[in-house]
Structures are given as C-alpha cells and as structure tokens.
A.B. asks: 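There's a structure below that I have some questions on.
Letters A, B, ... are given to chains in the order of the sequence lines, protein chains preceding strands, and every chain is numbered from 1.
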Protein chains: 2
Amino acid sequence: MTAHFDFAPLFPPGLPAPSARWTGLAKYSFVGGNNDSEQVPVDDLIAAVDAVLRREGRNLATYGLAHGPQGYLPLREFLSAKLKRDAGIISTVDDLLIVSGSLQALDLVNHTLLARGDTVIVEQETYQGALNRLTRLGVNTIGIPLDGEGMRIDALASALADLKSRGVRPKYVYTIPTVQNPTGSIMPESRRAELLRLAADYSVPIFEDDCYADLVWSGQRPRAIHAMSDKGGVIHIGSFSKSIAPALRVGFMVAPWEVMSRMLALKTDAGSGALEQMVLAEYCRPHFATHVPALTRTLRTKLDTLMEALNEQFGTAAEFEEPKGGIFLWVKLPDHVDTLKLYQAALAAGVSINPGPEWSTSKGHSGSRLRLCFASPTHQQIREGVAVLAEVCRREFGVPARIANVEKARG
Amino acid sequence: MTAHFDFAPLFPPGLPAPSARWTGLAKYSFVGGNNDSEQVPVDDLIAAVDAVLRREGRNLATYGLAHGPQGYLPLREFLSAKLKRDAGIISTVDDLLIVSGSLQALDLVNHTLLARGDTVIVEQETYQGALNRLTRLGVNTIGIPLDGEGMRIDALASALADLKSRGVRPKYVYTIPTVQNPTGSIMPESRRAELLRLAADYSVPIFEDDCYADLVWSGQRPRAIHAMSDKGGVIHIGSFSKSIAPALRVGFMVAPWEVMSRMLALKTDAGSGALEQMVLAEYCRPHFATHVPALTRTLRTKLDTLMEALNEQFGTAAEFEEPKGGIFLWVKLPDHVDTLKLYQAALAAGVSINPGPEWSTSKGHSGSRLRLCFASPTHQQIREGVAVLAEVCRREFGVPARIANVEKARG
C-alpha cells in the first residue's frame, strides 16, 4: 500500500467546509421541513404509480419522457389549473417549469440574475437555504423587518430609496408572502399591492416563494403576488414538498419566457426525475383538493400541542405569534438565551432545533429566537421534546424558571 | 396593461444563450442517450414500487428518507455489491453517493476541484455534456487522441510532460474507459494500469466515467480503474440511465471521504429523488443481473441493423469501428462533409444526429464525423432514418454516390 492520494492541494479557494458524516436524526427532531409520516397518502400513491406506469412506463426510456425540458406535461397541466384556482395565477404549460425541488428553482433564478457583488432584498427573517445560497454567491442581502403581515412596506420603501441614492438597483425582492418562513404570517392583498407598486417604481422584480402556501389553516389564501402583477415582473415558485412529501424532490416555477429561456439554458441536468413527476400528476388530479385540507387539519392539531407544551414547559419565557399555517413556529426566548448555544446543548440531549441566527439577516434580532417544526414529530414526541428542551435551556441559561405546572408535568 | 417588465438589463455577463422552445423529438431520432422503450421493465418496476411503498412509503415524509445526504441505503448496498461483482471496486455504503443522474456527479466533481483557468485532460473525442461544462467553467481542456483501445498513453505522457514543463498541474484526467463515448472502445486492463502509473507519477487524479459500462456485448468488462488503484486517486461515477431508464435521474459516485465530504457540502439540493432511488433498489436487487444481458442483446441487434443500413445506404462513404457495447456508433464521412451543416439539413428532413464537433476537442478531426444512437429508434426507423440521412447527405455534399444496392433498397 503506497501513500494515499492527497486531494487537498487541488481544491480551489472558497469551497465550503467539508460536511460531517451523517449520524441520523435527533430523537426529538424539530428541524427542517419534514412532514407528518402518517399523512403520506401511501395507498393512493401506489394506485397512481401503478396506473401511470402501466399507461406510460415505456416512455421512461426517453429523457424527460419526450415532454421537453420544462417537465411532464400532465403535471404542468395540473399546476396550471391549480395555480389559477388557488392563487389566481393565469399561466399556460409553457410558462411552467418543473424543477427538482424548489431549491433548484432558487439556484436557477440566482444563476440567471445574480453576479458577485450584486444586491438583493429579502425579509429580515427568511429561509436559511435562500440566505446560504446568497452568501455563497457573494451577494449583498438587505433584510427588511417583518410585522404580523409580513415584510414592512415602510422599511422596504426606505431601503429601495437608500439603494437608489447609492446607485444600486437590487436584482430582486425575495419574499415568502403566504405562510412566511419562519414567522408564519400571511401578507394581505392590500400589502401585496403596495409591494408591487414599490417594486414597479424601482424596476425591481419580485421573487415570490410560495412553498408553504397550500398549508393555510383557514383554507383561504390571498391571490399570489404573481397573479396581481400586470407588468410581469414576478417569478413565482412552489413545491410539492409540503403538500405531499418532501422526499419527492419536485417543485415548480412560473416565469416569463424571457427568464424561462435563460433558466432552461442553465438547467443542464437532462430533466428532473420523471417517475416522481408522473406519480404526482396522476395522484394530484383526483386527490390534491381533498388531501391538503386533511393534512392541514392534522398539522393544526400538532401546532396546538406544541403551543400547549411550550406554555406548560416555558411559561412566559417563550413568546410566539400563532402562525397562519405551515409546519413551524417561530419562538422568542429571553434575550440572554443564545439559541446557537442552545442548539448544541439540546442536540446533545437528543433534541434538534433551528437556531434563529441561521434564519435571519439580523443576528441581534434573532439571537434568542428559534424555529420549531411540528409536522414530523408525534404529539407525544412534541410534548417530550419540549420538556427536554426546557430542561436543557434551564440548565444552560436559567430559564424557564421552575414553575408549578412544570413540576406537575414532570412528576 | 402597462409596459412589460424588462428582465434583460438584470442578466449578468456570461449567461449562455437562451434556449429555444421545445418542438419535440425528430421523426428519426439518433441523438442523446435515449434507450429502447420496449426494454423498460414496466411490470417489474410496478411490482417493485408497490412493494417498497407499502413497506417504506411513510418515510417519504422525511427528507432523504432519513438515510442522510448520500442517498437511500438499500440502493447504496446494491451498488456496493454490484460494483464489487462487476467492476472489482471495493466500497462501503459510506464511499457511495447517489446523485440526480451522473450529470450532477460531473457538476459536483467540477465544483469541488476546478476554478476558472484550471486545466484538465480529456479524451479528444468525449461526452458533449462534459465538454460543455468545462467550457462554461472557463477551464482549459487538453484532448488526448484515441485509438481502438481508448486514450493513447504515449500522447497522454507527452501532454503531462509538456504541462509539467510549463508549471501546470492538471486537476484531473477525465476518461470513459468502458464503452467510450462516442467511439465505443474498451480500454484493456494493461492500458488502465499504464494510465494509473502515469497519473500517479504526475499526482493527477483520474475521473472515471463508467456510465455505459453495463452494456458490453461480451458481458465481460475489465476491472474499473478505481478498482486497480492502490493510492485512492480515482473518482468513479456511473448511472442507471443506460441500464434501466434515463428518465429516472439516478446516478452514483464512489469517492474518498476527503472529496466526498466536500461534494456533500456542495450538494445543496436536499437529496436526490427518493422514490426513484427506492424503486431502483427494490427492482435491481432481484432483476438487474438478468435484465441487463437481455437489454444488451436487444441493443446489439439494433447496432447490426444500423451498420447494415449504413453499408447499404452509404457504402464506403461511411466508415466506422464496431463498438464493443453501448448505444451509439461513431461514424466518419468523407472529409468534405461538414456534419454541423449535415445536422441542420437532416433535421429539416426529420432526422436528428449528433454532429462530431460537439463531441470533440479537435474540430478538425471531428468535422466530418457524427454520432448515431441506435437504442431508441425501432429497426424500421433505423433503416428509414439512415436512408433519409443518406439522401440529405447526397443532396448537400454529393456523397454517398448513388450505388446499385441503394437503388434497390429504395425501389
């Protein structure tokens, strides 16, 4: 055995740190966008895949099933109808691109519009995967503070005016308006209209991420920003990860051809997985409209369990606004709690959480905040996990104080 | 309706040209890596997906089925056993990464090792998707001439010595040693050993692309270069696109952890499609070893039809070496035939071909060559398509001359 080949001198500068080896999910996992395993419609998915493979299985011999680089036509047809019905978006199959999860949509939009040194506007608290990508690309992110109705328009107006005074035209405004990640708010239509006006005034496109928009407690969502635009400067993305199953890597995008044609030139993956597109189209046409409300009701009961557990275990030490839908709760702990440190200590005790600073452009604002996903753990795991988290937090930071109903719950 | 939003001023420099709208496959399609639709094992795939979803379908609620970023464990277990049996590669599941088609493997290797201005060594005729990626990345490619046994070692030795004298250490040697694309040769083990020695002498890793290695007429393939290395400086990739179905976007990679851990940090797609990994694992364990020889026999008969049709329609104007396996034939036409022009004229007549210059670093050598994929068209389509191609070529370039058996065949 000769000396081992050393790859290290070949790595270019700027590579991210190496990944650690996978060690499995925590016993109590409140991270990521995992969903409720009991709600995966296994039998109907089996029936769908059986039917579609019997009918079209031989087409798997051809890249993209010969439906072209924008994806499986029946899935685009389903989406075109769904987006019109639910979000008010008027689109044809030619305006739609199926992607390998909405993360690929983020990459395609970014590579089509961004260069190192560019500036984009995001919500101050926003999706970690979006923030990490922008950091990797060397793009400046301006975070706009949120209130209970999403991105604050007054703050956005100031930021746009300030950037203009410095000669900077932001490449896009990235927003998650319908069940905001991580805060769970829904931007009302009136504010969407204001956002559109501002974006038009400054000739900045809007990048609308509607990944969670199917999971709204009330069952009613506002029209998409894309649907309200009369100028076309909106790129809209969505996903089946939250409505059906995240391990199926299928997302989608609605974009004008001017942008679509550029993204297709960058989508050099020979198509997204065809079987997953086929089964989704076959399943969703008859079942989507009934599956999603049932899933949402289940998720809502888990949110209730989580909020109860937090009240019971943390008392007033945990503050949160009830989200309008989705699968996560954004929680504020007392100011002196450092959730990056809490994350480490909790993980050692078998509880994984998303520390706030990873979901924010403002480390100060988010330092004592955390995101808890309640869709994947069972009700019992939620209760037990929150109890362990409270115990760890008390040990590390002295909060929550030991209160009567905690003693009772642990007795 | 106000004026339409204009995205053009936002595009960064260096974007590829926009894609044209999809207009479908040509009537006679000899392009791409499409396979024989009759050979897709539809019934067994249905049985596999039924079984695996009944057993593990609920896991789709968790990203990556909770098997971690390297992919579905049973598929990695199958691959570990298969690679040992077929290619002599000793690997554990920890050495394996499942990717969304081997194109993603190309991207991950490139982004882990390459920076603009770097140099890599490739075969003079090689896979278009690899060449295009290197061009996009601004990487210099040195093409090594091929003979009937693959990359010529004397030419490689000269190139390495020349680069060293100029202070250039190439980042890798990219080779498709087992059913070379597009020439169809298989590099014998003796030459693989020479290649390994040279690469070690110059401390250059080998990037071994074995995407076609399952489709060998003789059923016997040499050991993988990866298997013959005792120093570990080989990254090995493969795919299920050619052995099962290309529309399932599933490929794989074997790499040392030093490189794997860097690639995982760059694989920010939240996992490759889980359903396709599940169905492949479930199907392949019992069926792969019988499916592939049957597929290969079918492909071999199509190659015979293609070679017969070329002999009949082109006579001596079409020269080719019989490939040792795979799905394509690399054809030389008379020197004055410009296959980029032939491509355009043939497409207008309903025949699509891959013009040689897109598959080569030497436009001079490849200008009158073309690649014909014979797996997807039927025997009849092969015969008809070659007849149309000959007709177009005669009209545009005066060859093939009208010969007796052509008249007969067309009569």
Side-chain angles (χ1 to χ4, degrees), chain A residues 1-2 4-5 7 10 12 15-19 22 25 32 34-37 40 42 45-46 49-50 53 57-58 60-66 68-69 100-101 103-104 113-115 171 205 230-233 245-249 258-259 261-262 264-265 268-271 273-276 376, chain B residues 1-2 4-5 7 10-12 15-19 22 25 32 34-37 40 42 45-46 49-50 53 57-58 60-66 68-69 100-101 103-104 113-115 171 205 230-233 245-249 258-259 261-262 264-265 268-271 273-276:
Chain A
M1 193 72 177
T2 50
H4 233 256
F5 189 90
F7 278 91
L10 300 171
L15 273 194
S19 285
W22 172 251
L25 295 176
N34 298 314
N35 217 314
D36 186 324
S37 64
V40 176
V42 173
L45 288 174
I46 290 173
V49 75
D50 185 296
L53 280 183
R58 298 210 175 283
L60 290 170
T62 305
Y63 279 93
L65 308 165
S100 304
L103 289 168
Q104 189 179 42
L113 293 176
L114 302 182
K171 284 296 184 81
D230 58 358
K231 295 186 78 173
L248 302 175
R249 307 300 304 128
E258 184 186 13
V259 179
S261 60
R262 296 294 185 154
L264 289 174
T268 56
D269 59 1
L275 182 59
E276 308 201 323
S376 175
Chain B
M1 194 70 178
T2 50
H4 233 254
F5 189 90
F7 278 91
L10 300 171
F11 296 146
L15 274 193
S19 285
W22 172 252
L25 295 176
N34 297 315
N35 217 314
D36 187 325
S37 65
V40 176
V42 173
L45 288 175
I46 291 173
V49 75
D50 185 297
L53 280 183
R58 299 210 174 283
L60 290 171
T62 305
Y63 278 95
L65 307 165
S100 304
L103 289 168
Q104 189 179 42
L113 293 176
L114 303 183
K171 286 295 185 82
D230 58 358
K231 295 186 78 172
L248 303 174
R249 305 300 306 128
E258 183 187 15
V259 179
S261 61
R262 296 294 185 154
L264 289 174
T268 56
D269 60 0
L275 181 59
E276 310 200 321

A.B. asks: Heavy-atom cut-off 4.5 Å, strictly under: side chain, backbone, both or neither for B:V42 against chain A?
C.D. replies: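 The side chain, not the backbone.
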A.B. asks: Against chain B, work out which of A:L53, A:L60, A:N35, A:L103 has the most heavy-atom pairs shorter than 4.5 Å and name it.
C.D. replies: A:L60
A.B. asks: For the interface with chain A, which of B:L264, B:L65, B:T62, B:V49 has the highest count of heavy-atom pairs at distances below 4.5 Å?
C.D. replies: B:T62
A.B. asks: Quick one: pull up CD1 in B:I46 and CG in A:D50 and give me the separation to the nearest 0.5 Å.
C.D. replies: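 Separation between the atoms: 5.0 Å.
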A.B. asks: Highest number of heavy-atom pairs under 4.5 Å with chain B: which of A:A17, A:A66, A:G32?
C.D. replies: A:A66
A.B. asks: Would a 4.5 Å heavy-atom cut-off, applied to side chains only, mark A:R249 and B:Y63 as touching?
C.D. replies: yes
A.B. asks: For residues B:H4 and A:K231, determine if any side-chain heavy atom of one lies less than 4.5 Å from a side-chain heavy atom of the other.
C.D. replies: no
A.B. asks: Heavy-atom pairs under 4.5 Å with chain A - which of B:A274, B:P18, B:P16 has more of them than the others?
C.D. replies: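 Top option by heavy-atom pairs under 4.5 Å: B:P18.
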A.B. asks: Let me know if B:D269 has heavy atoms under 4.5 Å from chain A in its side chain, its backbone, both or neither.
C.D. replies: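 For B:D269, the backbone is the part near chain A, not the side chain.
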A.B. asks: Only pairs of heavy atoms separated by less than 4.5 Å count here; which of B:A115, B:G101, B:G271 has the most with chain A?
C.D. replies: B:G271
A.B. asks: May I ask you to name which of A:A245, A:P246, A:G233 has the most heavy-atom pairs under 4.5 Å with chain B?
C.D. replies: A:P246
A.B. asks: Working to the nearest 0.5 Å, report the span between CD of A:E258 and CZ of B:F5.
C.D. replies: 8.5 Å
A.B. asks: Is it true that a side-chain atom of A:S37 and a backbone atom of B:A61 form a donor plus acceptor pair closer than 3.5 Å?
C.D. replies: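 No; zero donor-acceptor contacts below 3.5 Å.
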A.B. asks: Which of the residues A:G57, A:G68, A:G64 is involved in the greatest number of heavy-atom pairs with chain B at under 4.5 angstrom?
C.D. replies: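 Among the listed options, the one with the most contacts to chain B is A:G68.
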A.B. asks: For B:P69 and A:W22, work out which heavy atoms get closest and say how close.
C.D. replies: CD-CE3, 3.7 Å
A.B. asks: Using every non-hydrogen atom in the two residues, find where A:E276 and B:E276 come nearest and quote the distance to one decimal.
C.D. replies: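 A:E276 and B:E276 have their closest heavy atoms at N-OE2, 3.4 Å.
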A.B. asks: What part of A:D36 lies closer than 4.5 angstrom to a heavy atom of chain B: side chain, backbone, both or neither?
C.D. replies: backbone
A.B. asks: Which bit of A:Q104 is near chain B, if near means a heavy-atom gap under 4.5 Å: side chain, backbone, both or neither?
C.D. replies: neither
A.B. asks: Could you tell me whether the side chain of B:L10 reaches within less than 4.5 Å of the side chain of A:P205, counting heavy atoms only?
C.D. replies: yes
A.B. asks: Chain B heavy atoms under 4.5 Å from A:L25: which part of the residue, side chain, backbone, both or neither?
C.D. replies: side chain
